[in-house]
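To start, the structure itself, in structure tokens.
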Amino acid sequence: MKTIVRMIAIAGISASALSCAGGQEDFKYLVDEFADLKIMRYQVPGWDDLTLQQKEYVYHLAEAAKYGRDIIWMQNCRYNLPVRKTLETILENYNGDRQCEDFKHFEIYAKRVFFSNGVHHHYAEDKFFPVCSKEYFAELMKAVDAYDQRVLTFIYDYDACPQRKSTDKTKDIVVESAVNFYEGVTKEEVEDFYAKMVDPADKTPVSYGLNSKVVKGADGKIYEEVYKVGGLYGPALEKICAELEKAALVAENDTQKECIADLIEYYRTGDLELWDKYNIKWVKDTLGTVDFVNGFVEDYNDPLGRKATWEGLVNFKDKEASRRTELISENAQWFEDNSPVDSRFKKPQVKGVTAKVINVATLAGDCYPAAPIGINLPNADWIRREHGSKSVTIANLTSAYSKAAQEAPKGMLGEFAWSEEEIALEKKYGDITGDLHTDLHECLGHGSGQLLPTTSPNALGEYSSTLEEARADLFGLYYLADPKLVELGIIPDMEAYKAQYQSYIRNGLFTQFTRIELGKKNTEAHMQNRKLIADWCYEKGLADNVIEKKVRDGKTYFVVNDFEALRSLFAELLAEVQRIKSEGDFEAGKALVEKYAVNIDPELHKEVKDRYNALRLRPYGGFLNPEIVPVKKSGKVVDYKIVYNDNYLDQMLQYGKKYSTL
């Protein structure tokens, strides 16, 4: 890695916004902050170690990923694209006063919309609004010849699409949700529609509805609009396929070429059996250095947990760092056999579980700007059972988070940790146990256990995402404290796990709610999972004071007093959540989530918000992508360079021009 910063100009990209990869000492990670958000950059270590063919492969996979951007915007809410295009027009063409407070408020609103891929908060899921007046916004639109009364009305209408995904069980969650997965149908109608498709005896069921919108026609009949070339989102998928075809020409091996061919055919037909075929081949591609995610994958945004949002991610293996995850995956059968769950729910033979540490080169769709730090795929239970899964921990993103935190003011740990001993434990072991919990969660947690033969993969309905994340987290938490990890040399001693136990409880019970507006419920699946686990363990351990609520100088703290007892509680809850999933016990799953995961104590909520706000920190983070730039000599591409953009709005506007398809 070179330590010299080179300033260069490339067609269409501002020279002042770019720098080639520099050393850690001269690279600024934190580039922008606004509202409750911070924008970071990530470095791409190891890029110069790739061959020219591998770089070209990454380049075309990255272009394919970015061409899916409009899809996620449309999926999140059907009004999102008109709003975004209005914002882009104003930002690119307005010649009035950009220094006044009203325009600054407008700009912050635009940044928030870009970050969330729409008008709803990316995590809390509530619609947010401009601080500037409706009249001022109208003046901006008129000044650039972009006035549209419908767009203006929608932006300021509190009753229009108030939640991206509704969790209000007193109403119809399909009707009340803004997501663009359903049109003119009710929750009952959707469930009946898919119930007729499911064959309970099918041991290899396709993920019905994963890549479609359910619509009721004028004749009252219900049908699917399938995402495919020539169908819904066809223009975007056409561009994606074109770049995937170019990528296949320079793939590292035949398995990758076959994977891409299946993926393209799936996009052209919408046939979910081809999606399964692709995923099976993708799981088996373990020899290549470069890998990718491209498709309709996760169902977190669907109120019924069935329909998937589009996402893309391109990466390559960090071979040195992957030794830790390889050790875990090599011992997957031991972890499965020794899990504290009922033997009926354990896999007798763990197949194809692989794990690695990666460096991401491009984020896209539902992974951009807010990105995961770990991934385990595919999601189909029968493919996991029969063929295995791939798990990744994203090293350069976790590193960027850590480095950006060092650039920000001091904060969280000193404010919310009870003692100096607790702080010292976190500083000593926090990074390693945090990364390890992600490894265990993705590699083993999601890959563990099995459904009973009679259980439908969709049996848990709207509670499935929260319970699945809880199951994976509990698996990781339980094994963090196992001597096997010391034996394998993954953690240094039996004190290390305590750092993660303490921070997990502190976050689950208290500090994570800095992210939620006062008076709102806890609705996001990952946050619900953490609250469920922490609240359940707090309640069940009260008699033995396992977790203690302490107050000092009017401030609340949560302290773990008995780490061994807490591990036993994790084991007990893991066994129950696995039973719920394996048996498809909807009512028991519902009871757990509704009791422990949703409602926030209003006094604690206000306290944690007040204390956090005083620190002047931003609870959410997202990333700018680096540019992958072809280097030409005599008209021929001789290299691909990584170039870092440091202007958030520039990248959003650039993507709006280059990758707009719908």
Side-chain angles (χ1 to χ4, degrees), residues 335 338-342 412-413 416-441 444-445 448 466-467 469-486 490-513 526-551 556-580 592-593 595-597 601 604 608:
F335 288 104
N338 290 277
S339 168
V341 307
D342 190 298
M412 288 287 287
L413 194 58
F416 292 103
W418 170 255
S419 65
E420 290 300 321
E421 291 78 13
E422 197 174 302
I423 293 172
L425 191 72
E426 176 73 17
K427 288 182 176 179
K428 184 175 182 180
Y429 296 116
D431 285 347
I432 186 174
T433 56
D435 287 347
L436 182 55
H437 185 236
T438 300
D439 295 340
L440 292 167
H441 172 111
L444 301 182
S448 68
T466 296
L467 292 167
E469 292 303 319
R471 190 178 73 92
D473 256 7
L474 286 162
F475 198 98
L477 289 165
Y478 176 75
Y479 275 116
L480 270 175
D482 200 290
K484 182 73 171 180
L485 298 183
V486 179
I490 295 173
I491 57 173
D493 53 53
M494 286 306 296
E495 287 294 302
Y497 80 93
K498 295 178 181 178
Q500 182 65 9
Y501 274 28
Q502 181 61 70
S503 65
Y504 192 93
I505 293 300
R506 184 194 311 123
N507 186 47
L509 286 174
F510 198 39
T511 57
Q512 69 170 340
F513 304 121
H526 296 82
M527 292 181 72
Q528 285 189 335
N529 137 53
R530 292 189 287 268
K531 185 177 188 300
L532 190 163
I533 292 171
D535 263 15
W536 188 94
C537 291
Y538 177 69
E539 178 188 285
K540 300 302 179 184
L542 273 176
D544 297 318
N545 203 29
V546 176
I547 302 167
E548 184 177 358
K549 178 182 176 181
K550 295 185 176 184
V551 178
T556 303
Y557 302 84
F558 289 93
V559 181
V560 177
N561 290 323
D562 191 333
F563 289 92
E564 291 184 9
L566 180 56
R567 189 193 187 211
S568 296
L569 290 171
F570 287 150
E572 183 181 343
L573 184 56
L574 172 58
E576 173 61 4
V577 173
Q578 182 65 64
R579 181 199 68 78
I580 289 169
L592 267 182
V593 174
K595 181 175 181 180
Y596 296 104
D601 181 292
L604 282 178
V608 76

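Worth knowing before you read on, the calculation uses all heavy atoms, side chains too, and leaves out hydrogens, waters and symmetry mates. Numbering starts at 1 and runs along the sequence shown.
- The neighbour count for Lys484 NZ, taken as heavy atoms of other residues, nucleotides or ligands under 6.0 Å away, is above 12.
- Here the side chains of Leu477 and Leu574 are not in contact, with every heavy-atom distance at 4.5 Å or above.
- Other residues, nucleotides and ligands contribute more than 12 heavy atoms inside 6.0 Å of the CG atom of Asn561.
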Problem set entry | side-chain contact (heavy atoms from CB on, under 4.5 Å) assessment of Leu604 paired with Phe558 | CA-CA 11 Å; Leu604 282 178; Phe558 289 93; 4.0 Å; yes
For this session: Give the C-alpha distance, both sets of side-chain angles, the deciding distance and a yes or no for side chain to side chain donor-acceptor pair (under 3.5 Å) between Glu539 and Tyr596.
Result: CA-CA 10 Å; Glu539 178 188 285; Tyr596 296 104; 2.7 Å; yes
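- A 4.5 Å side-chain heavy-atom check between Thr433 and Tyr501 finds every atom pair outside the cut-off.
- In this structure, Arg567 does not pair ionically with Glu564, as no charged nitrogen and carboxylate oxygen lie closer than 4.0 Å.
- Two residues are said to be in side-chain contact when any heavy atoms from C-beta on lie closer than 4.5 Å; Phe513 and Lys531 meet this criterion.
- The shortest non-hydrogen separation linking Leu485 to Phe335 is CD2-CZ, 3.9 Å.
- Side-chain contact between Lys540 and Glu572 is absent, with no heavy-atom pair separated by less than 4.5 Å.
- Rounding to the nearest 0.5 Å gives a distance of 7.5 Å between CE of Met527 and CG of Asn507.
- No side-chain heavy atom of Arg530 sits under 4.5 Å from any side-chain heavy atom of Glu469.
- Rounding to the nearest 0.5 angstrom, the gap separating the CG atom in Asp535 from the CG atom in Leu592 is 11.5 Å.
- Residues passing the side-chain hydrogen bond (donor to acceptor under 3.5 Å, both in side chains) test with Lys498 are Glu495, sequence neighbours excluded.
- In this view, Arg471 and Ser448, Glu468, Gln578 satisfy the side-chain hydrogen bond (donor to acceptor under 3.5 Å, both in side chains) rule, not counting sequence neighbours.
- Side-chain contact between Asn338 and Asp482: absent, with no pair of heavy atoms (C-beta onward) separated by less than 4.5 Å.
- Applying the side chain to side chain contact (heavy atoms under 4.5 Å, CB included) test between Asp473 and each of Leu573, Leu532, Leu440, Ile533 identifies Ile533 as the sole match.
- Two residues are said to be in side-chain contact when any heavy atoms from C-beta on lie closer than 4.5 Å; Leu566 and Tyr504 fail this criterion.
- For the atom pair His437 NE2 and Phe475 CZ, the distance stands at 11.0 Å (nearest 0.5 Å).
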